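Notes follow once the structure below has been shown.
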Number of protein chains: 2
Amino acid sequence: MQITRAGEYGVLGLMHLARGHPGQRAMIDQVSRQERIPKSFLAKIFQSLAKAGLVRSIRGSGGGFALVKDPADISVLEIIEAVEGRIVFQRCKLAQPDCEHVGGCALCGLFERAQDGIKGALTQTSLRDLIRQQERINSTLAEKRGRG
Amino acid sequence: MQITRAGEYGVLGLMHLARGHPGQRAMIDQVSRQERIPKSFLAKIFQSLAKAGLVRSIRGSGGGFALVKDPADISVLEIIEAVEGRIVFQRCKLAQPDCEHVGGCALCGLFERAQDGIKGALTQTSLRDLIRQQERINSTLAEKRGRG
DNA sequence: GTCAATTCGGACTAATTTTGTCCGATACAA
DNA sequence: TTGTATCGGACAAAATTAGTCCGAATTGAC
């Protein structure tokens with residue numbers, strides 16, 4: 001299981017939610033249009049996010065989804081794993097039947113270390129961090145355009 | 001593009017080659033049987049490794065494949081990328097058409113950092129390291145069995 | 001109470017990628 | 001010349017990813 005569009009869309013969707021004031025709700029339709037994500041697909045993804053307790057769903061007219069936690073307290077890894085399940089690298093498959101696949105062979109061990117590498121980056125970055133970075137990028141971009 | 005069985009098999013195949021004396025050749029058939037990798041699939045993988053210059057192919061009877069470089073000078077990343085092509089995380093797809101996908105948006109940037117995390121681990125480990133680790137694992141395993 | 005808006009949840013389909021297989025061509029040794 | 005190997009690309013099967021669809025449930029407004 002790897003990082004796929006589903007996970008990516010999940011992060012983009014939550015970024016959208018988190019940009020509003022705390023507790024603000026947004027409809028799938030809105031988010032889907034603004035972030036250019038297929039509506040039904042996004043709906044499914046938000047269901048996973050709801051199950052994981054990252055967002056709360058409000059049904060009926062005037063309903064939508066709302067963030068449950070503070071964006072500073074949500075790591076990108078959390079979001080991605082909520083959508084995709086545990087992200088795991090290629091399980092190795094050595095000749096020996098001894099390799100129970102948890103540090104049983106050298107290749108397994110290496111993959112685990114590699115995994116920790118990516119998880120580190122994704123855990124350290126919170127949803128809020130991501131949004132701030134984006135804002136910074138946007139403003140420097142706007143500045144460039146203004147000058148150009 | 002991600003790390004798949006093909007890459008894993010490539011590493012296992014080269015580990016097999018590297019365990020012999022320097023320059024030793026091995027046939028696909030051999031490697032395939034001993035490492036329990038489907039023969040035709042392994043053949044295709046070794047073709048990629050040959051193209052990348054990691055192994056040399058000798059055709060005809062008595063032929064096979066032989067390592068070109070010293071196992072200490074081959075990183076696991078090299079092997080995997082030889083087989084799978086550049087490993088790249090989910091390219092992000094922000095709403096703005098500005099996102100040229102090279103550090104153009106925050107999510108891209110994050111994915112790049114995560115990528116560097118795994119590449120670090122895979123670059124630092126050489127084929128020789130891997131084999132040594134495996135030997136260590138095997139011997140402690142044998143010891144356990146002897147006592148048990 | 002009815003209607004319209006909205007999520008829920010799961011079945012379904014399409015597209016893509018992964019994981020192979022197969023076979024004729026080519027190269028080499030004996 | 002014959003037997004053994006790789007070469008290289010076309011082909012096929014399986015798995016995964018990406019996305020659609022639809023009926024049901026829930027809620028707010030009139």
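Below, read A as the first sequence line, B as the second, and so on, with proteins coming before strands; counting in each chain starts at 1. None of these values were measured; they are calculated from a predicted model.
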Using the side-chain heavy atoms of [X], tell me which of these nucleotides is nearest: [options].
X: B:Met27; options: D:dA5, D:dC21, C:dT21; result: D:dA5
X: A:Arg59; options: C:dC8, D:dT20, C:dT19; result: C:dC8
X: B:Thr4; options: D:dC21, C:dT19, C:dT7; result: C:dT19
X: A:Phe65; options: D:dA18, C:dC8, C:dG20; result: C:dC8

* Count the heavy atoms belonging to other residues, nucleotides or ligands that lie under 6.0 Å from NZ of A:Lys119, then report whether that count exceeds 12. =>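 Yes, because the 6.0 Å sphere around NZ of A:Lys119 holds more than 12 heavy atoms from other groups.
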
Tell me the interatomic distance from [X], atom [atom1], to [N], atom [atom2], rounded to whole angstroms.
X: B:Phe41; N: D:dA15; atom1: CZ; atom2: P; result: 14 Å
X: A:Phe46; N: C:dT6; atom1: CZ; atom2: C1'; result: 14 Å
X: B:Gln47; N: D:dG9; atom1: CD; atom2: P; result: 8 Å
X: B:Ile45; N: C:dT18; atom1: CD1; atom2: C1'; result: 11 Å
X: B:Arg56; N: C:dA27; atom1: CZ; atom2: C1'; result: 15 Å
X: A:Leu49; N: C:dG9; atom1: CG; atom2: P; result: 14 Å
X: B:Glu84; N: C:dT18; atom1: CD; atom2: C1'; result: 10 Å
X: A:Leu42; N: D:dT20; atom1: CG; atom2: C1'; result: 14 Å

* Select from A:Gly63 and A:Lys44 the residue whose nearest nucleotide in DNA chain C is closer to the 5' end of that strand. => A:Gly63

* To do: Assign each of B:Lys39 and A:Lys51 to its nearest nucleotide of DNA chain C by heavy atoms, then name whichever residue's nucleotide is nearer the 5' end.
  => A:Lys51

Is the phosphate of [N] approached by [X] (side-chain N or O, under 4.0 Å from OP1 or OP2)?
X: A:Ser61; N: C:dC3; result: no
X: B:Ser57; N: D:dC7; result: yes
X: A:Tyr9; N: D:dA18; result: no

* **Between A:Asp129 and A:Gln133: side-chain donor-acceptor atoms closer than 3.5 Å** => no

* Do the non-hydrogen side-chain atoms of A:Glu81 and A:Ile87 ever get within less than 4.5 Å of each other? -> yes

* Please tell me if the side chains of B:Arg113 and A:Gln124 come closer than 4.5 Å, counting only heavy atoms from C-beta onward. =>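 The answer is no; the side chains never approach within 4.5 Å.
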
* Asked: So, A:Ser32 side chain and A:Ile37 main chain: donor-acceptor pair closer than 3.5 Å or not?
  ->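 Yes, A:Ser32 side chain to A:Ile37 backbone: donor-acceptor pair under 3.5 Å.
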
* Tell me what A:Ala6 touches on the nucleic acid: a base, only sugar-phosphate, or nothing, going by heavy atoms under 4.0 Å. => sugar-phosphate

* Establish whether the base of D:dA18 is bridged to the side chain of A:Arg5 by a donor-acceptor pair shorter than 3.5 Å. =>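 Between D:dA18 and A:Arg5, which were checked side chain against base, a qualifying N/O pair under 3.5 Å is absent.
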
* Select from A:Ser40 and A:Gly60 the residue whose nearest nucleotide in DNA chain D is closer to the 5' end of that strand. => A:Ser40

